[in-house]
**Q** 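Just passing along the structure, written as C-alpha cells.
Remember, it's a predicted structure, so these values are computed and weren't measured experimentally. Side chains are part of it too, since the values below use all heavy atoms of this structure and drop only hydrogens, waters and symmetry mates.
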Number of protein chains: 2
Amino acid sequence: MKRPLLDVVAEVLVAQPGASLAEVAEAAGISRTTLHKHYATREELVRAVGVRVTDIWEQAVERVAKEPGTEAGLRQLLAAMIESGPQLTFLWRNPALDADEELTRRYIDVERRCLAVLDRARSRGLLAASATNWWLLQTMYSLVYTAAEAIEAGKLAPLDAPDLVLSTLLHGLGGPIAGAAGDGTPGEADAATATAATTSSPTAS
Amino acid sequence: MKRPLLDVVAEVLVAQPGASLAEVAEAAGISRTTLHKHYATREELVRAVGVRVTDIWEQAVERVAKEPGTEAGLRQLLAAMIESGPQLTFLWRNPALDADEELTRRYIDVERRCLAVLDRARSRGLLAASATNWWLLQTMYSLVYTAAEAIEAGKLAPLDAPDLVLSTLLHGLGGPIAGAAGDGTPGEADAATATAATTSSPTAS
DNA sequence: ATAGTTCTGAACATGACTGTTCCGTCCGGT
DNA sequence: ACCGGACGGAACAGTCATGTTCAGAACTAT
C-alpha cells in the first residue's frame, strides 16, 4: 500500500510530462506542500524521475547485456527496451535532462552496452556490416518506441511486440523476394509480422 | 520579403510547439496585438497551422500518389514524407487537433492514399503480404520521423535519407544472410545502408 | 502523556501567458 | 486633403503554475 513516492511521481510524469505539481501531488496522495518538501523545485523532481528512469533502463540492459549476439539475444534486448519504452521517451523528450552531466554520462554508457550486443550480432553476420551504428540505434529506438506506444494504445499485444520489432528490424517489411531467408518455401512467411490488430483504424498519434 | 503570415507562424510553431504568442509574433515581425487580430485565440492559430500542415502533407502525397508500386515509387513517397517530416510531427503531437473533425477526416484520407501506394507495392510482391497495413504505416512513419530528425540535426544528408529509409523499410538491417536479395555475391551490400554520419556521437534525442 | 517529526490546509507573492481594450500612427486610395 | 483599414504600443484583467511561509493536526517513539 505504501508505494515509494518516487514510483508514483515517475508514473505520473512519464504518462503526462506536462502535469502540474498539484496533479502529481494528488496522484501521489499527498499535499502539494509535502511534495515540495521532498523535491524543492520542479526541476529537482524531474531530475529525480530522470535518474530513476535511467536506473530502470540501465537494469533492463544490464539484464541482457551478457546475451550473445544471437537472434534470441537480440530479442531479449528488444523486449527489455519495449518494456521500458514509455520511460525512455521521458528521457528523450526532456531537453532539460541533457544538461545533467551524470545522467547523460550514464545514458551514453548504457547505450554503449546496447551497441556491444549489437556489435556481437553484427560480427555473427546477423546484422548488416554496412549498417552504421548510429542508424542502427536510431532505427531500433524508433521501432521500440512505436511498439511501446502501440501496446499502450492496446493495438499490439505485449507478447507479440518483441518478435514483430525483431523481424522488422532484421528483415524489414519487404516481400518474400528480398525479405525471406535464403531457403525456398516462400509460403511460410515470418510468422511474427502478422497478428497485430484486428481493425486498421488509422488515426493520428 | 513579404512572406505570408501563416508561413512564418507555421515555421515557428512547428519548430517550437510550445512557443508563446509573443515569440510567434516577434518571429513574424508583427506585434502581439496584430497577431491576435488575425487569430483571435491560440487554439485558432494552432488549428490554422494544422490545416496548413495538412495541406502540405496532402500535396506531397498527391504528387506521388499516382506512382506505381515500384521501388522507385516507394522511394518517391518516402522522399515526400521525409521532406515534410517536421511538419507531420506537429500533427502527431497535437492532441488538440484530433478534436477537429475536418482535419482528421482529411488526415485519414491522405493516409488512405499512402496505403494505396503501399498496397500496389504489396501486390507486386515488393512488400510482405503478411505485414499489417497498420504496422506498415507505423514503421514507415517512425523511420521517416527518425530520418527527418536526423537531417535536422545535420547527421544525415537529405539526399541519402530516402534511400536509407527505403532500404531499411524493405530489407531491414539484417545481415547478408537474410537481408540481401536472393542472388549470391554477398560482398556488394545494399549501397544505401552506409554513408550516414561520420561520428557516432550517441547523445539523447 | 509527551516530545519530535511529518504532513496538511490555507494563504501569499511572483511570474508567465493569454485575451482584450483603447488610442494613436501609418499608409494607400480617392 | 481626406478617409478607412491595418498596425503598433501600452495597459489591464484573468488565469494558472510555481515556490514559500506558517500555524495546526496527525502520527510515532519513548
Side-chain angles (χ1 to χ4, degrees), chain A residues 1-53 86-87 89-100 102-103 205, chain B residues 1-53 86-87 89-100 102-103 205:
Chain A
M1 184 66 189
K2 192 127 165 287
R3 267 218 290 170
L5 175 58
L6 191 50
D7 271 27
V8 191
V9 167
E11 189 178 319
V12 176
L13 273 194
V14 163
Q16 308 173 354
S20 77
L21 295 188
E23 290 172 303
V24 172
E26 190 191 351
I30 61 177
S31 77
R32 196 165 63 90
T33 311
T34 306
L35 180 60
H36 266 108
K37 256 162 204 152
H38 285 277
Y39 307 97
T41 97
R42 172 178 253 267
E43 188 187 347
E44 195 174 315
L45 195 158
V46 168
R47 190 182 174 283
V49 173
V51 169
R52 188 175 185 281
V53 166
Q87 337 240 344
T89 73
F90 179 83
L91 283 185
W92 296 339
R93 296 201 183 166
N94 258 94
L97 292 179
D98 289 0
D100 190 287
E102 186 205 339
L103 221 49
S205 166
Chain B
M1 184 66 190
K2 191 124 166 292
R3 267 217 291 169
L5 175 58
L6 191 50
D7 271 27
V8 190
V9 167
E11 189 177 318
V12 176
L13 273 194
V14 163
Q16 308 173 352
S20 78
L21 295 188
E23 291 172 304
V24 172
E26 190 191 352
I30 60 177
S31 77
R32 195 166 64 91
T33 310
T34 305
L35 181 60
H36 266 108
K37 264 166 198 151
H38 286 275
Y39 307 98
T41 98
R42 172 179 254 267
E43 189 187 346
E44 195 174 314
L45 196 159
V46 167
R47 190 182 176 283
V49 173
V51 169
R52 188 175 186 281
V53 166
Q87 338 239 345
T89 73
F90 179 83
L91 283 185
W92 296 339
R93 296 201 184 166
N94 258 96
L97 292 179
D98 289 0
D100 190 287
E102 187 205 339
L103 222 48
S205 170

**Q** Could you check how far OH of A:Tyr39 sits from P of D:dT20, rounded to whole Å?
**A** 17 Å
**Q** Atom CD1 of A:Ile30 to atom C1' of C:dT6: distance rounded to whole Å?
**A** 11 Å
**Q** Would you kindly give the CG-to-P distance between A:Leu45 and D:dA17, to the nearest whole Å?
**A** 16 Å
**Q** Under 4.0 angstrom, heavy atoms only, what part of the nucleic acid is A:Gly18 near: base, sugar-phosphate, or nothing?
**A** nothing
**Q** Side chain of B:Thr34, base of D:dA6: donor and acceptor closer than 3.5 Å?
**A** no
**Q** Using a cut-off of 4.0 Å on non-hydrogen atoms, how would the nucleic acid contact of B:Thr33 be classed: base, sugar-phosphate, or nothing?
**A** base
**Q** Side-chain N or O of B:His38 less than 4.0 angstrom from OP1 or OP2 on D:dA6?
**A** no
**Q** Report yes if a donor N or O on one partner sits less than 3.5 Å from an acceptor N or O on the other, where the partners are the side chain of A:Arg32 and the base of D:dG19; otherwise report no.
**A** yes
**Q** I'd like to know if the side chain of B:Asn94 reaches the main chain of B:Ala96, judged simply by a donor and an acceptor atom lying under 3.5 Å from each other, with no hydrogens or angles considered.
**A** no
**Q** Tell me whether the side-chain N or O atoms of B:Lys37 pair up with the base of C:dG19 as donor and acceptor below 3.5 Å, since no angle test is needed here.
**A** no
**Q** Would you mind reading off the distance between B:Glu26 atom CD and D:dC7 atom C1', rounded to a whole angstrom?
**A** 17 Å
**Q** Do the non-hydrogen side-chain atoms of B:Leu21 and B:Arg42 ever get within less than 4.5 Å of each other?
**A** yes
**Q** Compare the minimum distances between each of C:dG19, C:dC17, D:dT18 and the side chain of B:Ser20, then state the nucleotide with the smallest one.
**A** C:dC17
**Q** Can you see which heavy atom on A:Gly50 is nearest to which on A:Leu91, and at what distance?
**A** O-CD2, 4.0 Å
**Q** Starting at atom CG of B:Leu21, determine the distance to atom P of C:dT18, rounded to an integer number of angstrom.
**A** 4 Å
**Q** Give a yes/no on whether any side-chain N or O of B:His36 is located under 4.0 angstrom from OP1 or OP2 of D:dC7.
**A** no
**Q** Minimum heavy-atom separation for B:Val9 to B:Val24, with atom names?
**A** CG2-CG1, 3.9 Å
